[in-house]
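What follows is one structure encoded as structure tokens, with my remarks underneath.
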Amino acid sequence: MPFTCITLTTMTENGDATPLVSLVGVNKHFGALHVLKNIDLTVDRGEVLVVIGPSGGGKSTLCRTINRLETIDEGQIIFDGTPLPEEGRALARLRSEVGMVFQSFNLFAHKTILGNVTLGPMKVRKKARKEASTRAMELLDRVGIANQADKYPAQLSGGQQQRVAIARALAMDPKLILFDEPTSALDPEMVQEVLDVMIGLARDGMTMVVVTHEMGFARRAANRVVFMADGQIIEQNTPDEFFTNARTDRARDFLSKILTH
Amino acid sequence: MDELIEYAPDLLAGFAENLKLSAVCGVLSLIFGTILVGIRVSPTPVLRAAGTAYVNIARNTPLTLVLAFSSLGLSDQIGLIFSDEPSTNGFWLVVLGLTAYTSTFVCESLRSGINTVPFGQAEAARAIGLTFLQSLSLIILPQAFRAVIAPLGNVMIAMIKNTTVAIAAGYLADVAFVMKDTFDTTGVSIPIFLGIVVAFMVVVLPIGFLTGWLAKRLAVAR
């Protein structure tokens with residue numbers, strides 16, 4: 001059952017073996033705080049990469065550098081063969097190919113659920129309203145919210161809002177979706193409905209980078225687990241190896257704290 | 001009371017000028033105020049600095065000075081002429097000065113509205129690939145507007161009352177000028193005075209109620 005990254009790469013569509021994302025020597029500071037220290041990381045096409053680690057370790061920052069919601073001080077990030085553009089239209093175009101799901105959902109509060117999902121396709125991809133709506137309804141159906149399409153975000157539960165956020169990301173037909181702690185702001189009983197949608201995406205071969213504290217998701221859906229602490233990638237491995245046989249003390253210490261309760 | 005009835009046609013004609021000025025300045029200052037706030041929050045530092053400088057200068061200059069400048073400075077000295085007809089030219093000089101002044105208040109109201117929109121909204125807008133102008137016009141400003149409908153109503157109310165300073169730009173037609181002109185011939189008349197107060201209240205009070213009602217109705221639920 002556990003795939004290694006190498007077998008996965010060869011399995012992906014059109015057989016393109018170059019990584020979809022690669023970070024080379026990435027450094028970032030927030031004032032005196034060195035949040036990303038010499039990060040080297042690649043994400044293969046079709047891979048589900050789960051980033052775990054203690055709070056403040058740089059996981060979210062790492063995730064947000066990939067669509068340049070955070071700038072970097074040093075190093076290079078290459079997406080689909082081209083370095084990330086610095087700003088302007090080129091950057092907007094790149095972002096339209098990278099979906100993002102936030103911890104706090106960030107649905108557009110003044111738009112209906114349908115309006116949230118059709119906005120990107122209509123305004124960025126210039127699709128006709130009808131085409132965008134049809135596709136949006138398919139996606140809302142897929143995440144189980146089609147019957148709420150005319151409501152506003154504030155009328156939905158957290159779990160429902162987060163599923164809409166996933167549909168909004170999918171509507172852009174992204175090459176990669178970034179999940180920045182997608183279940184951390186949810187009531188416990190709503191976590192699973194969001195994870196189920198994410199597991200479905202993973203099975204369908206979507207390339208995903210997921211920052212999470214959900215170890216169950218990491219075990220079930222990840223191809224690779226990256227453990228980050230103090231701004232560094234301490235260890236990366238398949239989930240089975242990582243959870244049963246962590247190589248570093250730092251990772252074993254972290255796992256002992258979260259897996260015992 | 002007799003003076004009020006006798007001069008009512010002149011006074012109403014004057015008040016109609018105030019309403020005309022209000023309508024034109026209201027529309028223009030909402031448009032320019034929106035453009036101005038776009039400049040003030042733009043990602044380009046030079047634009048931001050220019051917008052901030054303009055807002056601080058225009059907003060902190062007394063309106064009579066702004067209007068006097070648009071007439072004596074821009075028109076007489078620099079030669080900005082809207083029309084060869086003096087009254088038409090005067091009208092548009094008032095519009096220019098009052099719009100330049102009121103836009104800054106519209107801009108600052110909207111900017112406080114932008115501050116009520118959570119930062120995540122802008123991040124989500126950027127994350128789906130919207131450009132700065134798209135994020136601003138499709139996501140940020142629609143929410144900002146709804147948050148500041150009541151304050152914008154107050155800006156409009158102040159602007160309507162400010163049309164009575166039109167005389168400072170040499171526009172001799174509005175109700176305040178007609179009142180002064182009438183007093184010069186008849187002596188001060190309390191009924192005329194009160195009549196004008198009532199006329200303004202009839203226009204301004206409903207705006208206050210309407211914007212208060214709209215603010216509740218259009219509030220963005222979070």
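If you're wondering where the values come from, they're calculated on a predicted model, not measured in any experiment.
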>> Which atoms of B:Ala122 are under 4.5 Å from chain A, going by heavy atoms: the side chain, the backbone, both sets, or neither?
In response: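 Nothing of B:Ala122, per the 4.5 Å heavy-atom cut-off to chain A.
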
> With only heavy atoms counted, which part of B:Gln134 is less than 4.5 Å from chain A, the side chain, the backbone, both or neither?
Replying inline: side chain

Distance-minimising heavy-atom pair for [X] and [Y]:
{"X": "A:Asn67", "Y": "B:Ala127", "result": "ND2-CB, 4.1 Å"}
{"X": "B:Arg222", "Y": "A:Ala154", "result": "C-CB, 3.9 Å"}
{"X": "A:Phe102", "Y": "B:Ala124", "result": "CE1-CA, 3.7 Å"}

>> Do A:Arg68 and B:Arg126 make a side-chain contact, defined as non-hydrogen atoms from C-beta onward lying under 4.5 Å apart?
In response: no

> Under a 4.5 Å cut-off applied to non-hydrogen side-chain atoms, are B:Leu138 and A:Lys123 in contact?
Replying inline: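 Yes, their side chains come closer than 4.5 Å.
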
>> Would A:Leu119 and B:Leu130 count as a side-chain contact (heavy atoms from CB on, under 4.5 Å) here? Give the steps.
In response: CA-CA 9 Å; A:Leu119 185 89; B:Leu130 296 179; 3.8 Å; yes

>> Need one label for A:Arg64: side chain, backbone, both or neither, based on atoms under 4.5 Å from any heavy atom in chain B.
In response: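 Contact with chain B: side chain only.
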
>> Check this for me: B:Phe82, atom CZ, are more than 12 non-hydrogen atoms of other residues, nucleotides or ligands nearer than 6.0 Å?
In response: yes

>> Looking at B:Arg48, I'd like to know if its CZ atom is crowded, meaning that more than 12 non-hydrogen atoms belonging to other residues, nucleotides or ligands lie closer than 6.0 Å.
In response: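 Result for CZ/B:Arg48: enclosed.
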
>> Quick one: does any side-chain atom of B:Gln121 pair with a main-chain N or O of A:Leu107 as donor and acceptor, under 3.5 Å?
In response: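 Yes, the answer is positive, given that a donor and an acceptor are paired below the 3.5 Å cut-off.
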
> Could you give the distance from CZ (B:Phe132) to CG (A:Leu91), rounded to the nearest 0.5 Å?
Replying inline: 14.0 Å

>> For chain A, which candidate among B:Ile139, B:Val220, B:Val117 shows the most heavy-atom pairs at distances under 4.5 Å?
In response: B:Ile139

> What do the steps show when you test A:Phe108 against B:Ile128 for side-chain contact (heavy atoms from CB on, under 4.5 Å), and what is the final call?
Replying inline: CA-CA 12 Å; A:Phe108 304 130; B:Ile128 61 169; 4.0 Å; yes

> Which one of A:His110, A:Met100, A:Arg93, A:Arg89 has the most heavy-atom pairs closer than 4.5 Å to chain B?
Replying inline: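 Most pairs with chain B among the choices: A:His110.
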
